[in-house]
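To start, the structure itself, in structure tokens.
Everything numeric here is computed off the predicted structure, so don't read it as measured data.
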Amino acid sequence: MDSKYQPQLVEEKIYKEWEEKDFFKASVNTKKEPFSIILPPPNANGSLHLGHAMFTYEDIMIRFNKMMGKETLWLLGLDHAGTETQFVFEKHLKKQGKSRYDYKREDLYKMIWDYVAENKNNIKNQLKRLGFALDWSKEKFTMDPAIVKIVYKTFKDLFDQGLVYRANKLINYCTNCGTSFSDLEVVYVERTDSLYYMKYGPFTLATTRPETKFGDTAVAVHPDDKRYKKWIGKEIEVDGLIGKFKVIVVGDRAVDPKFGTGAVKVTPAHDFNDYEIAKRHNLPMKQVIGFDGKLNELAGKYQGLRIFSARQQVVADLQAKGHMVKIKEDYVHRVGTCYRCRKVLEPLPKEQWFIKVKPLADKSKELIEKKETEVLPKRFKKRLTAILDNFIDWNISRQVVWGIRIPAYRCKSKNSWFISEESPKKCQICDGADFEQDEDTFDTWFSSAQWPFATLMTEGQETFDYFYPTSVMETGHDILRAWVARMMMIGYFSTKKTPFKTVFLHGMVHDPKGQKMSKSKGNVIDPILMIDKYGADALRAALIFGTKEGGDVALSEQKVIGMRNFVNKIWNVGRFIKMNSQVKSQKSKVKSESKNSEVLQELEEEFKKEKKQYIKYMNSYQFSKALGLVYEFIWHRFADYYIEQLKDEVINGNIEALGDLKEVYLENLKMLHPFTPFVTEKIWKVFNKESIFQEQL
RNA sequence: GGACGAUUAGCUCAGUUGGCUAGAGCGUUACAUUGACAUUGUAAAGGUCACAGGUUCAAGUCCUGUAUCGUCCACCA
């Protein structure tokens, strides 16, 4: 044994061996209790970051449960990440001076497919670097034909049961990226803009968006507002920039009399609140901005102008006309932006597919209440419940080519829709040939919402029955809404069971100052670089050690170094025992009884206590505490105290003392194995044993 | 505006049902060491446990309030 543990010489070989021996391959074994985790599928478009490294928690659970005698499955899959991947690819194209519009749908799809295929391997290799005990024989991809088939069936079932509908509603649309998003994908950003007070018939009203005035169909005031009460229900005439027009005045409680002038222009086609007001009062919609981000023919001479220049022009013209009362330039408000390109999202009316969420969310709440699904750490239970209470209908249509194309077809003669899992030969509505498939693809989250059951279903009924519902879903608390809640809704809908018995949430990885890591801040730590320098065990331990369950982790290179030192400590304790075992056999000394029987007794008792506590922590998902416990024991009790006490005897060849030390040490290696799999496996082999992964705790 | 979390050593954080001199990692200081490990050991310095009340024999831990920070959600015409 070297005096230093060198992970660089060890990890790759060991992982290869685990793979070759098929250690991670799970199969149905009715004699054993199943334990299954579905890996949150990484996006197949980039490389691994520290968020992925947090899946170490899953590896810990898998390895621990395996050592506790269960049949463990950790199923690996990758996500096509629709809009996200297409966006990454478009940036790629842009560098070559091209855009998505230069290619036909099929060609673009193919190009992205190849790009993704390359990246998949990259990600997979990086997952191996972390030492993850993933079942590589069951690898899935969200666009596998077998998965797509299930996704189609789910969509059709939802449709048949009235839980999917098509409607022309306001959606968040990015005119730059050319696609819509669900409400969850909107990123709100605080901005300082101008608030314009303009004359509007008999009113003065305040708006941040004067350019949308061509789409106004009403003015709204608070029903109890004495200033304006007399106008409610009346039609007013407004002298506009492109001629006079008439709108009705409505009374609506959504209007805050204290804000601005207490009177609001209602533009149902371009504002979510106004859309709601319009619904309540049966107001017409008038769309004046197109999906290209330009004003349309209804804007008269302003047609063709982009939103921002239209606003400047309209403001200038209103001022010229004397209709601008005042401009408050330091108005701070929040606008929805595109998480991809950061441009302001445009609320636009568009026909899309929506999932009726309420009935599904109610079922999910029941699962939580009945403890069919346990939420850990406990504090996230409230948050998940609140999320389920406030879910609005989910827009699942995306205008990108990279994704699972929606299997909906429009009958042209009847102008209505039918869903078909197979490519239809004829129209299922009129039996004719005149029908076309929806151009849109599913929101990525629609397929990932089905991940736990869809992946297992493709492995056959027996495997599904054995491993489903899965034991634990372990993921970041940041995607509680986008993913966890939706998995519960769709999972229960399709299988009538919770998709996972326990949800275990981990926190975000931050820098040492508690700041989020981001490229622009330059504080990003690359997990692979850390592994190269200090080994996977050190990185893994650094992510777990000294953290609160579900709390954020402040990671620094220093912390990884600290854990590297711990790993080296583990190694050197082994080295000490190994060296003295060899010396002993050479000298064949036979002083078998230790003079330190009290110390040995103490060691045995302390170890028993330690192991009991360890099992308790591990079974209650307190992994950080379990690691802390073993860390403390190995370093500050076993090495600093017991070895020091027994050192002289051991060096002089006392068999009893050495034997007892060795026994306790090997047991501790097993306890450490879920956390630091490589070094423990390596030492196990040094002691002429097979594989620690196959041992029982 | 609502919910949740945080506030403990210079820095990053543990401290599970209230119970002995409040802990870890990194950093600092002094000393030690050629045979497990300097990726080490021994020792030390450093905390009115955010603040103010309350419950209790006993509060970092429970309750109430205040302040500051963070996260998520909602609204902002």
Side-chain angles (χ1 to χ4, degrees), chain A residues 1-6 183-184 188 190 193 195-197 205-210 212 216 219-221 252 254-256 258-267 270-274 277 331-335 377-387 389-392 477-478 480-481 507-508 510-516 534-535 538 541-542 545-580 583 616-617 620 622 624-625 628 631-632 635-636 639-640 643-644 647 650-651 661 665:
Chain A
M1 279 175 100
D2 293 332
S3 68
K4 287 187 176 106
Y5 172 63
Q6 291 175 274
D183 54 310
L184 304 196
Y188 286 93
E190 194 155 276
D193 282 314
L195 183 63
Y196 304 95
Y197 288 74
L205 46 78
T207 181
T208 52
R209 302 204 56 188
T212 63
D216 296 352
V219 167
V221 297
D252 196 287
V255 179
D256 177 2
K258 293 192 199 88
F259 186 93
T261 59
V264 194
K265 70 189 198 65
V266 181
T267 323
H270 300 292
D271 184 282
F272 285 100
N273 285 308
D274 294 3
I277 293 175
Y331 176 64
V332 178
H333 66 153
R334 284 161 43 132
V335 292
K378 285 193 201 113
R379 67 193 143 95
F380 289 112
K381 186 173 159 180
K382 262 192 190 173
R383 203 154 120 192
L384 186 54
T385 310
I387 283 169
D389 277 334
N390 294 307
F391 237 109
I392 67 166
H477 65 65
D478 56 329
L480 211 45
R481 174 183 287 259
M508 305 295 105
H510 289 167
D511 77 358
K513 289 174 190 159
Q515 302 279 312
K516 271 187 185 168
Y534 309 110
F545 190 84
T547 60
K548 197 184 178 74
E549 293 81 36
D552 296 340
V553 190
L555 190 79
S556 59
E557 186 158 350
Q558 274 305 316
K559 191 173 180 191
V560 182
I561 290 171
M563 290 300 121
R564 186 272 315 261
N565 296 352
F566 174 54
V567 168
N568 191 57
K569 190 76 186 180
I570 300 168
W571 174 261
N572 270 289
V573 169
R575 184 162 182 256
F576 174 78
I577 292 171
K578 180 74 187 169
M579 282 170 94
N580 284 292
V583 169
K616 208 174 143 189
Y617 281 150
S620 54
Q622 294 176 288
S624 183
K625 281 173 188 158
Y631 176 100
E632 175 66 20
W635 200 323
H636 300 298
D640 291 350
I643 288 186
E644 291 305 321
K647 207 168 198 172
V650 167
I651 289 170
L661 282 174
Y665 174 66

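A:Ala386 comes within contact range of no nucleotide atom at all, as no heavy-atom separation falls under 4.0 Å. Heavy atoms of A:Ile577 sit nowhere under 4.0 angstrom from any nucleic acid atom. Counting non-hydrogen atoms under 4.0 angstrom, A:Gly260 reaches nothing in the nucleic acid. Using a 4.0 Å heavy-atom cutoff across all strands shown, A:Asn390 reaches no nucleic acid atom at all. Contacts of A:Tyr331 with the nucleic acid, taken as non-hydrogen atoms under 4.0 Å apart, involve only primed sugar atoms and P, OP1 or OP2. Residue-level contact check: A:Arg481 touches the backbone only, with heavy atoms under 4.0 Å from sugar-phosphate atoms and none from bases. Using a 4.0 Å heavy-atom distance criterion, A:Arg334 is classed as a base contact. Among the protein residues, A:Lys548 comes within range of the sugar-phosphate backbone only, with heavy atoms under 4.0 Å from sugar or phosphate atoms but none that close to a base. Among the heavy atoms of the strands lying under 4.0 Å from A:Ala639 is at least one base atom, whether or not backbone atoms are also near. Among the heavy atoms of the strands, none lies under 4.0 Å from A:Val553. Among the protein residues, A:Tyr617 comes within range of the nucleic acid bases, having at least one heavy atom under 4.0 Å from a base atom.
Interface remark: the A:Lys382 side chain does not form any donor-acceptor pair with the B:C4 base, using a distance-only criterion of under 3.5 Å.
Straight-line distance from the NE2 atom of A:His510 to the C1' atom of B:C69: 13 Å, rounded to whole Å.
Side-chain nitrogen and oxygen atoms of A:His477 include none within less than 4.0 Å of the OP1 or OP2 phosphate oxygen of B:U71. Applying the 4.0 Å criterion to OP1 and OP2 of B:C4, one finds that A:Arg383 has every side-chain N and O outside that range. Phosphate proximity of B:U16 to A:Lys616: absent, as no side-chain N or O sits under 4.0 Å from OP1 or OP2.
Between the C1' atoms of B:U16 and B:C57, the separation comes to 24 Å (whole Å). B:G25 and B:U40 have their P atoms separated by 11 Å, given to the nearest Å. Separation of the P atoms belonging to B:A9 and B:G46 is 14 Å when rounded to the nearest angstrom.
Formation of a donor-acceptor pair under 3.5 Å by the A:Ser624 side chain with backbone atoms of A:Thr547 is found in this model.
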If you restrict it to nitrogen or oxygen atoms, what contacts under 3.5 Å exist between nucleotides 18-28 of chain B and the protein, and what is each distance?
residue: B:C26; atom: O3'; partner: A:Gln558; partner atom: OE1; Å: 3.3

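Nearest nucleotide to the side chain of A:Gln622, out of B:U16, B:A77, B:U39: B:U16. Nearest nucleotide to the A:Asn568 side chain, out of B:A36, B:U39, B:A77: B:U39. Out of B:C4, B:A77, B:G35, the shortest distance to the side chain of A:Leu195 is found at B:A77.
When only modelled atom types and interatomic distance are considered, A:Lys625 and A:Ser620 share no side-chain donor-acceptor pair under 3.5 Å.
A:Asp193 meets the salt bridge (Lys or Arg N to Asp or Glu O under 4.0 Å) test with A:Arg191; sequence neighbours excluded.
Judged by the 6.0 Å and 45° rule, A:Arg481 forms a cation-pi pair with A:Phe391.
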